[in-house]
Structures are given as C-alpha cells and as structure tokens.
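Numbering of residues begins at 1 and proceeds along the displayed sequence. Because the structure is predicted, anything quoted here is derived from the model rather than measured. Computed over heavy atoms, backbone and side chain alike; hydrogens, waters and symmetry mates excluded.
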Amino acid sequence: MVVTLVHIRVKKENIDEFIRASLRNHEGSIRETGNLRFDILQDDNDPSKFIFYEVYDSDEAVAAHKSTPHYTEWRDVVAPWMEKPREGIRHNVLAPKDKMLW
C-alpha cells in the first residue's frame, strides 16, 4: 500500500473555492481502481491548512491517479491559490496490513 499525506496551505481568500475544487477531485479519486482512501481534512484551528490522506494499493495506482482528468484539472486550478507549494509525504503502513480493513 502507498499512503501519502499531502500538506496544503491555501490563501485565505481562496479557501471556499479550494474546498469546492477539492471535493470534485475527491469524488473522482474514490472511484479509481486501486484507491483505498482519499480523505480531505481541514485544520480546526487554521482553516487555510489542509491534509489529504491518500491510500492506493500500488505505485501503479498512484501513477494512474496523477494522469486522471479530475486530478490534472484540480492540480492546475488550485495552483494559484496555494500559499506555498503542497508537500506530499509518503508513509509506511504498520497497521492495518489487511487491505480488507481499509
């Protein structure tokens, strides 16, 4: 499994439109073959901070995600709204190991 936490900071004036665009990306992403989770989290204390929690069953599924129309549209649309470049950090899964538990 491939787990990535994507840390995003959005300009305050673009938060609402960022959320709308990200929810469209989420809807497409959860339908992808190989996607196990695609959660969008917003910081409770700072609404301009987001984390995307993305889980795919393989590197191939991650690569396929990055070539989908919903992802490429999202990437291009939200780029000017970023306070700073987004940062994706890959993590190793310790538990649960059983894919059926995702």
Side-chain angles (χ1 to χ4, degrees):
M1 280 183 276
V2 180
V3 176
T4 305
L5 274 65
V6 182
H7 298 262
I8 302 168
R9 178 162 310 252
V10 176
K11 296 174 186 172
K12 293 192 185 319
E13 63 269 19
N14 300 113
I15 290 172
D16 292 337
E17 55 197 338
F18 174 81
I19 291 171
R20 284 191 296 274
S22 297
L23 291 175
R24 286 191 303 273
N25 182 39
H26 163 82
E27 288 300 320
S29 298
I30 61 173
R31 291 180 176 84
E32 294 171 23
T33 301
N35 177 266
L36 302 176
R37 294 210 58 93
F38 197 98
D39 301 342
I40 299 174
L41 309 172
Q42 184 179 30
D43 189 303
D44 196 39
N45 293 314
D46 183 349
S48 70
K49 290 170 60 177
F50 296 84
I51 294 177
F52 287 15
Y53 181 77
E54 303 177 10
V55 182
Y56 286 87
D57 66 7
S58 67
D59 286 318
E60 293 79 17
V62 173
H65 164 68
K66 291 182 178 180
S67 67
T68 60
H70 56 267
Y71 170 76
T72 57
E73 178 183 335
W74 174 85
R75 179 196 64 206
D76 295 343
V77 165
V78 302
W81 303 337
M82 302 279 178
E83 188 68 41
K84 62 180 190 172
R86 67 188 185 282
E87 180 183 17
I89 303 170
R90 285 180 62 145
H91 291 73
N92 295 317
V93 176
L94 301 179
K97 287 289 189 184
D98 183 349
K99 189 166 79 169
M100 298 304 293
L101 297 174
W102 289 86

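- V10 approaches I8 most closely through the heavy-atom pair CG2-CG2, 3.8 Å.
- Residues in residues 75-97 take part in these salt bridge (charged side-chain N to carboxylate O under 4.0 Å, His left out) pairs, two or more places apart or across chains: D59-R90.
- A continuous path of Ile, Leu, Val, Met, Phe, Trp and Tyr side chains, each step under 4.5 Å between heavy atoms, connects Y56 with I30, placing both in one hydrophobic cluster.
- Residues satisfying the side chain to side chain contact (heavy atoms under 4.5 Å, CB included) criterion with L23, sequence neighbours excluded, are I19, I40.
- Both M82 and F50 are assigned to one and the same hydrophobic cluster, defined by single-linkage of ILVMFWY side chains at heavy-atom distances under 4.5 Å.
- Residues K66 and T72 approach most closely at O-CG2, 3.6 Å, considering heavy atoms.
- Judged by distance alone, the side chain of Q42 and the main-chain N or O of P47 form a donor-acceptor pair under 3.5 Å.
- Pairing each heavy atom of V2 with each of S58, the nearest pair is CG2-C, 3.7 Å.
- The shortest heavy-atom contact between V3 and V93 is CG2-CG2, 3.3 Å.
- Residues S48 and W81 form no side-chain contact, since every pair of their non-hydrogen atoms from C-beta on lies 4.5 Å or further apart.
- At a threshold of 4.5 Å between non-hydrogen side-chain atoms, the residues V77 and F18 do not count as touching.
- In this structure, K12 pairs ionically with D46, as a charged nitrogen and a carboxylate oxygen lie closer than 4.0 Å.
- With sequence neighbours left out, the ring-ring contact (aromatic ring centres under 6.0 Å, His included) criterion links F38 to F52, H65.
- L36 is connected to I51 through a chain of hydrophobic side-chain contacts under 4.5 Å among Ile, Leu, Val, Met, Phe, Trp and Tyr, so both are in one cluster.
- The two atoms that bring G34 and A61 nearest to each other are CA-CB, 4.0 Å, heavy atoms only.
- Here P80 pairs with nothing under the side chain to side chain contact (heavy atoms under 4.5 Å, CB included) rule; sequence neighbours left out.
- Linking Ile, Leu, Val, Met, Phe, Trp and Tyr whenever their side-chain heavy atoms come within less than 4.5 Å puts L5 and M1 in one cluster.
- Atom CG of N14 and atom CZ of R20 lie 10.0 Å apart (nearest 0.5 Å).
- Considering only residues two or more places apart in sequence or on other chains, H26 meets the ring-ring contact (aromatic ring centres under 6.0 Å, His included) condition with none of them.
- For A21 against W74, the heavy-atom pair with the smallest separation is O-CD1, 3.5 Å.
- Sorted by first and then second residue, the salt bridge (charged side-chain N to carboxylate O under 4.0 Å, His left out) pairs with a member in residues 21-34 read E27-R31; sequence neighbours excluded.
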